[in-house]
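See below for the structure under consideration.
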Amino acid sequence: MNLQIAAQINSFLAAFVLLTAFAMLVQKRIYSLIHIFAWQGLLLSINTAIVGYVANKHHLYISSIMTLSLKVFVLPYILHVLVVRLKIRKEVETLVNIPMTMLIGLALVIFSYHLMAPVSELSHLITKSTLAIALATVLIGLLMMITRKHAVTQIIGFLAMENGLFFAATSATYGMPLVVELGVALDVLIAAFIFGIFFFHIHTTFDSLDVEQMAKLKEGD
Amino acid sequence: MMLGRLVTELLQVALLVGAAPLFVGWVRMLKCWTQGRTSASLLQPYRDLAKLFSKDVVLAENASWIFRFTPYLVFGTTIIAGAVVPMLTINLPLAPIADVIVLVGLFAIARFFTALAGMDIGTAFGGMGSSREMMVASLAEPAMLMAIFTVSLANKSTSLSHIAEVMYSGQSLLKPSLAFAFIAFILITLAETGRIPVDNPSTHLELTMLHEAMVLEYSGRHLALIEWAGMMKLFLFMALGSALFFPWGIAISDGPLEIAGAGIIILAKLAASGIVLVVIETGLAKMRLFRLTEFLGSAFLMATLGMLSFFILE
Amino acid sequence: MKVVMIFSPGEIASASILLLMVFALLAGLLGRSQGVLIVFFSLVATLASALTTAAGVMTVWRGTSEQFVLLIGLPDLPFHLRLDPLAGFFLTVIGLLSVFVSIYSAGYLKGFAGQRPVTRLVVFYCLFLAGMFMVVLADDALFFLISWEVMAAASYFLVMFEDERAENRRAALLYLVVAHVGAIAILLSFGVMAGLATGFESFSGYTFDAMRQATFPVAGATAAFLLAFFGFAAKAGMVPLHVWLPEAHPVAPSNISALMSGVMLKTAIYGIIRITFDLLRVFPWWWGAIVLFLGIVSAVMGILYAVMEKDLKRLLAYSSVENIGIILVGIGLSMVFSSFKLPVLAALAMTAALYHVLNHAMFKGLLFMGAGAVLHATHERNMEHMGGLIHRMPWTAALFLVGCVSISALPPFNGFVSEWLLFQAFLLSPSLPSPLMKLFMPLAAALLALTAALAAATFVKAFGVSFLGQWRGQRQHTVHEADWSMRSGMILAAAACLFLGVFPTVLIDWMDIVPEQLVGGRLSMSATASGWLWLTPVASERASYSGILVFIAAIVVYGLVYIVLHVKPGRIHRGPVWDCGFERLTSRMQYNATSFAMPLRRVFGFVVNIKESVTLVPQSAHAAFPKRLQYHLRIRDHVWNVLYTPIAGASFWLARKVGRLQQGRIQSYLIYSFLTILVLLFLTVL
C-alpha cells in the first residue's frame, strides 16, 4: 500500500467520522444514536490500524483492537442495556431545532479549519489534514451535549468528544504512547459504568432522565 | 463528423423519450415485488400513455392559454435538458448550450409553469400543490447549488461533458467530497422527482399530494405529456447522477460501436439505479410536509460537508 | 444617427437635460389643456431619454471620456461634468427605461383625467429624470450633491402626488428623512475625501479629478468609504436601511414606481461603484466582505418579505430590495477579487453586477408598469381581491408574465444571464488566497440560490394569484385592458428582457470597457472566445451557455411536439371545474396570496416578525359549528422594532431635553449667543 492511497483512505475515513458526528448531532431516535456511535468507533478503529500500518507503529494495532472492542461492542452494549432498563422509548428531545443545530455544526467545522490551518502547515505527517476534522468532532460532541436534554444522549455526546480526541491524537502524532491510551480507555469504561449507576439513581429520584429536572436541586427561592 | 454527432444527439434524445416509460415500468415492477404484489407488465406505462393520447381533452371553463401551453413547455424543456446530459457520448454538439446550472434553470422553468397551471383553474387543490411545490423547490435549490459547487470544485468545471471527461481521467477517484456530494445528490433527486419520502407518485389522497395536486385538472393528451415529462425527468436525474459521479461507459470517441455499447451500459446503470431507488422508497415512509426542512436540510448539510472536506482534506 | 455623428455624446446628453428642464418650466403654460400637456410631455420625455440613451451607448461603445466645465455654479467653484464609459453605461440604463416609461405614461396619466390635474406630476417627472442624468454626469462633489438633491426632492413630490391620503404623506416623509440622512453621510464622505486630497485650506479638492489623483491613507479612505456606503445604501434600500422603500414605492403613481425601483436605486449603485473603484481605487479586502455580506442579507430578507406580501406593489418593492442585494453581492465579490489582485475574476463579478443593474431596470420597470395597468383597471393593489385577470387583460397578463419569468432567473430570459454570471464568479472563488473566504463564499452562493428559488415562488404567487384563477373581488365589469401607449411601453420593456437574455455576448462585448477601466480586467477575450453564440465567461471547458440556442431549441421543440400531436385532431371539451361533488365552490375557496405563502411562512417565519391569530365566533347551538372564523395576520419588519423604534425614541428624548433650552425670553437666547461667543473666543486663544 503506497502512501498516496493510505492518505486518501485516511481522508475518506475522516470525512465519514465527521459525517457520523453530524449524524449523531441530528439523530432523534436513541437506538439509532447508539448505532451511529458504534459505527464511529469502527471507523476510528480502522483508521488507527491503517495509520499503524503506514507509520509502522505496532502499538497502534493494539489500540485499534481496543477501540474496536470497547467502542464498537462494550460501550454500545452498556448504553443499550441502560436504555432498555430505564425504558427510554420516546424520541430524544432537542433544545434547538435541527436545521439550526446543523448550521451551528457547520460553523464549528469552518472554525476548526481556520484554527487548525496553521498547525497543519507545520506537520508533515500524511494524516495532517484530518486534524481539523478531529477538532470539529470534539466541538460537535460538546455541541451535542449542550443541545440535548436527555442524560443518556449527553453521555453519548461525551463519548463522541472522546472519540474526537482519540482521532486527533492518531492524526496529529500517530497516536499517544500505549500507556496513556490504555489509561484513557480504562477511564472511559469506568466513566460509562459510573454514569450508568448514576442514571439509575437519578431515575429513581426524579422519575425522569431529563436534565432540566436537575434545576430542582437548586436551593432557595 | 458533425453530422454523425448530430445523429448521436438525436439518438440520445430518442433514447430518453423512448426508454423513460420503460424505466418507470421497471421501477414499478420492482416495487410490486418488494411489496409482495404481482406486478403489471414492464410495458404498462406505454399503454397508459397511449390510452391518454387517444382520449379527448376536457378543459375547465376558465382555463387560460397558460394551462394549455404548460404541457408542451414541460415536455419540450425536458427534451432540451435531455440533449445536454451526456448519456451516450460526451461529444454532444448541443452540450455547450447549457452547463449544469442552466440545466437546473431548465427544470426550474418547467416547475414555474407547472405551478402556474396548478393555479390557473382556481381550485383549492391546484393552489395547494403549487404552493407546496415551490416551498420544496426553494429548500432543494440551495442544496442543489452546493452539490454542484462541490462537484465543480473537484472537476474545475460546470460543463457536464467536461466533468465526465475529468472523472474519466481518474483524477477524482476516492474523494470524500464527491462521496458527500453524491449522497446530497440522491436526496435532492428524491425531492426533485417527487419520490418517497418527499412526495408519493402514486397517491391521490388530497392532503399528501404535491405534484399530483398541481396537475389534477389535466386530461387527455395534456396529461399524457405531463406524465411522460415526469418519467423523462426521473430518467434524466438518474442519467445526470451517472454523468456526474459514474461516467464510465459513456463513449469518448464517435465510433458507432462504442455508442451502441454506451447505450447498453447506460440502460444497465439505470436498471441498477432503479433498484437503489426502490430500496430507498420501500425503506422509508412519506414524510410530513414540514419534516421536509430536516430532510432537505440534511441534503444541504451533506453538500456543504462535501465542500468543506474538499478544502480541508484535499 | 446623423445628429449623433455631429455632436459629441456629452453634448447630446447635456442638451436633453436642458430640454427636460425647459419643458418642466413651460409645462405650467400648457396646463390648461391636460390632454395636450400629456401628449407633449410624453413626446419630450421620450425624445430626451432616447437621446441620452444614444449618448450613453455611444460613449460605452467608443470607450472615450469627455469632460466639460460649466461656467455656472458658485464663484470659483464651477460645475464639472464628465461622460466616461461608467457614466455612459448608467445613462443607458436610466435612459432606456425612461423611454419605455415615458411612452407608457401617456396612457397612464390619462387615467387621472377628470380626477386631478397632472401638471405637477409632469413637472417633477421631468426634473426627476434630469436629476438622475445629472447625478451620473457630475464630476465634482458639489454638482453631484446638487443633482442628488434635485433627484431626491423631485421624487419626494412625485411620491406625494396623491397627497390627500395620510398613508402617502407618511410614506413620503419617511422617504425624505432617510434620503437626507443618507445625503448627509455622502456629503461627509466627500468632505473627507476632498480634505485628504488637497487639505482643508483650499476648495480645489472638491472635483473628482483631484480625488482620483490623491493617494488616501487607509484610515481616511475607510472612513470615506463607510460614510459613502451608508449614504448610498440608504438610497438603494439595502437591509436594514430599506424600510422607506416598501412604503414609498407602492404609493407613488405606477410610472414613477417603475422609475424609482428600476433606475433611481441604480444611481446609488452608481455612487458606490464610482467612489470605490474610481475615486478611492485601493482598498482592503474586508470592504468587499462587508458589501457582500450586507448584499446577501438584503437579498434573502428582501425576498422573504416579498413572498409573504399580499399587496402587489409592495411585493415588487420588496423584490427590489432583493435585487439590490444581488447587485451588491456582485460588487462586493468584485471588490474582494480586486483587492486580492485577481482582475479577470473581478471583471467577471463586476460584469455580473452591471448586467443585473441593466436587467433589473428592464424587468422591474416592466413589472411596475404591469402592476400600474392592473391598478388602473381594477383600482386594487391587494392581490386578495384580484384573480383571473388573464381573461380580461390578455396583453398585460402576457407581458407581466415575461417580467415574472425574467425576474425569477429562468432561461432564456435576462435575469438568468446575470445570475448565472454571478454563480460563475462564485464558483471561481477558490482561487482566493484567504482560506476563510474560500469556505464562506460557497455558503453565500447557496444563499443566492435560495434567493433565486424564493424569487420564483414569489412570482408564481404574484402572477398566479392576480392573473390566474377566478376573480375574487367585486367590480369586475369595470376591468379593462390597458390602452396602446401603455401596452407599447410594456412591449418594449419585455422585448428588452428577451433581447438581453438571448444575446448576452453582444452586450458583454459592448460593456466590457467599463470593468476594464474599473478593475483592470477584461472579459470579452474569454467570454466570447467561442463565437457570439456561446457565452463562456472564463473558458469554454469551464462553463458555457447559449441563450439564443436555448430559445431556438425551445421554439423548435414546442412546435414539433405541438404539430406531432395535432396530426390527428383530438377534440377539446369545455366543462365546469371539478368540484369533488361539493357543488358550492366559490371563488373565495381558491388559494390566495396569504395561503400560498403559508408553507414558506412556517419554514422561514423565524426571521420575520409575524403576528397570527385565529378567533372563533361560536354559534349559540353548538361549539362545533362556529358561526364565523376570523383570521388575522400581520407581518412587519423586525428592523422596525430592533433599530428604528429605539432611534426614534432616543431622538424624541433628546429633542425634549434640548427643548428645555427654549424659554421664550429674548434675554436667555442672548445669553446663549453670548456664552457661545465667549467659548469660541476662548478656544481661539488656545
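The sequence lines fix the lettering, A, B, ..., with proteins before strands; numbering per chain opens at 1.
- Both the backbone and the side chain of Val465(C) have a heavy atom closer than 4.5 Å to some heavy atom of chain B.
- The minimum heavy-atom distance linking His391(C) with Asn62(B) is given by the pair NE2-O, 3.1 Å.
- Top candidate by heavy-atom pairs under 4.5 Å with chain C, chosen from Ile101(B), Val100(B), Leu225(B), is Ile101(B).
- Residue contact with chain C, scored on non-hydrogen atoms closer than 4.5 Å, involves the backbone of Ala137(B) exclusively.
- Nearest heavy atoms, Phe416(C) versus Val102(B): CZ-CA, 3.6 Å.
- When heavy atoms are compared at a cutoff of 4.5 Å, Ala98(B) approaches chain C solely by way of its backbone atoms N, CA, C and O.
- Residue contact with chain B, scored on non-hydrogen atoms closer than 4.5 Å, involves the backbone of Ser595(C) exclusively.
- Within the 4.5 Å cutoff, no side-chain heavy atoms of Val577(C) are placed close to those of Glu61(B).
- Contact of Ala140(B) with chain C is not made at all, since no heavy-atom distance falls under 4.5 Å.
- In terms of non-hydrogen atom pairs under 4.5 Å with chain C, the most contact-rich of Ser161(B), Ser131(B), Ser159(B), Ser130(B) is Ser131(B).
- The two residues Trp578(C) and Thr123(B) have their closest heavy-atom pair at O-CG2, 4.4 Å.
- Across every non-hydrogen atom of Tyr591(C) and Ala124(B), the tightest pair is CD1-O, 3.5 Å.
- Proximity to chain C (any heavy atom under 4.5 Å) is shown, for Phe67(B), by neither the backbone nor the side chain.
- Contacts of Leu401(C) with chain B are made by side-chain atoms alone, with heavy-atom separations under 4.5 Å and no backbone atom involved.
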Tell me which donor-acceptor pairs under 3.5 Å the side chains of residues 73-82 of chain B have, and how far apart each pair is, sequence neighbours excluded?
{"residue": "Thr77(B)", "atom": "OG1", "partner": "Leu73(B)", "partner atom": "O", "Å": "2.5"}
{"residue": "Thr77(B)", "atom": "OG1", "partner": "Tyr558(C)", "partner atom": "OH", "Å": "3.0"}
{"residue": "Thr78(B)", "atom": "OG1", "partner": "Val74(B)", "partner atom": "O", "Å": "2.6"}

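- For a residue to count as touching a neighbouring chain, one of its non-hydrogen atoms must lie under 4.5 Å from one of that chain's; by this rule Leu585(C) does not touch chain B.
- Only the side chain of Met307(B) comes within contact range of chain C, with heavy atoms under 4.5 Å apart.
- Across all their heavy atoms, Ala445(C) and Phe149(B) have their closest contact at CB-CE1, 3.9 Å.
- Contact of the Phe604(C) side chain with the Leu139(B) side chain is registered, since non-hydrogen atoms from C-beta on lie closer than 4.5 Å.
- By number of non-hydrogen pairs under 4.5 angstrom with chain B, the leading residue of Pro599(C), Gly464(C), Ala543(C) is Pro599(C).
- For Thr304(B), the part lying near chain C is the side chain, with the backbone staying farther off; criterion is any non-hydrogen pair under 4.5 Å.
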Open item on the list: Assess the residue pair Met119(B) and Phe463(C) against the criterion (side chain to side chain contact (heavy atoms under 4.5 Å, CB included)); give the C-alpha distance rounded to whole Å, side-chain angles, the decisive distance to 0.1 Å, and a yes or no.
Closed with: CA-CA 9 Å; Met119(B) 300 187 77; Phe463(C) 188 80; over 6 Å; no
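- When Pro412(C), Ser546(C), Ser544(C) are each tested for a side-chain contact (heavy atoms from CB on, under 4.5 Å) with Ile97(B), only one passes: Ser546(C).
- The shortest heavy-atom contact between Phe112(B) and Ala456(C) is CE1-O, 3.7 Å.
- Neither the backbone nor the side chain of Leu160(B) comes within contact range of chain C, judged by heavy atoms closer than 4.5 Å.
- When the heavy atoms of residues 421-432 of chain C are compared with those of chain B, the residues falling under 4.5 Å are Phe423(C), Gln424(C), Phe426(C), Leu427(C), Ser429(C), Pro430(C), listed by number.
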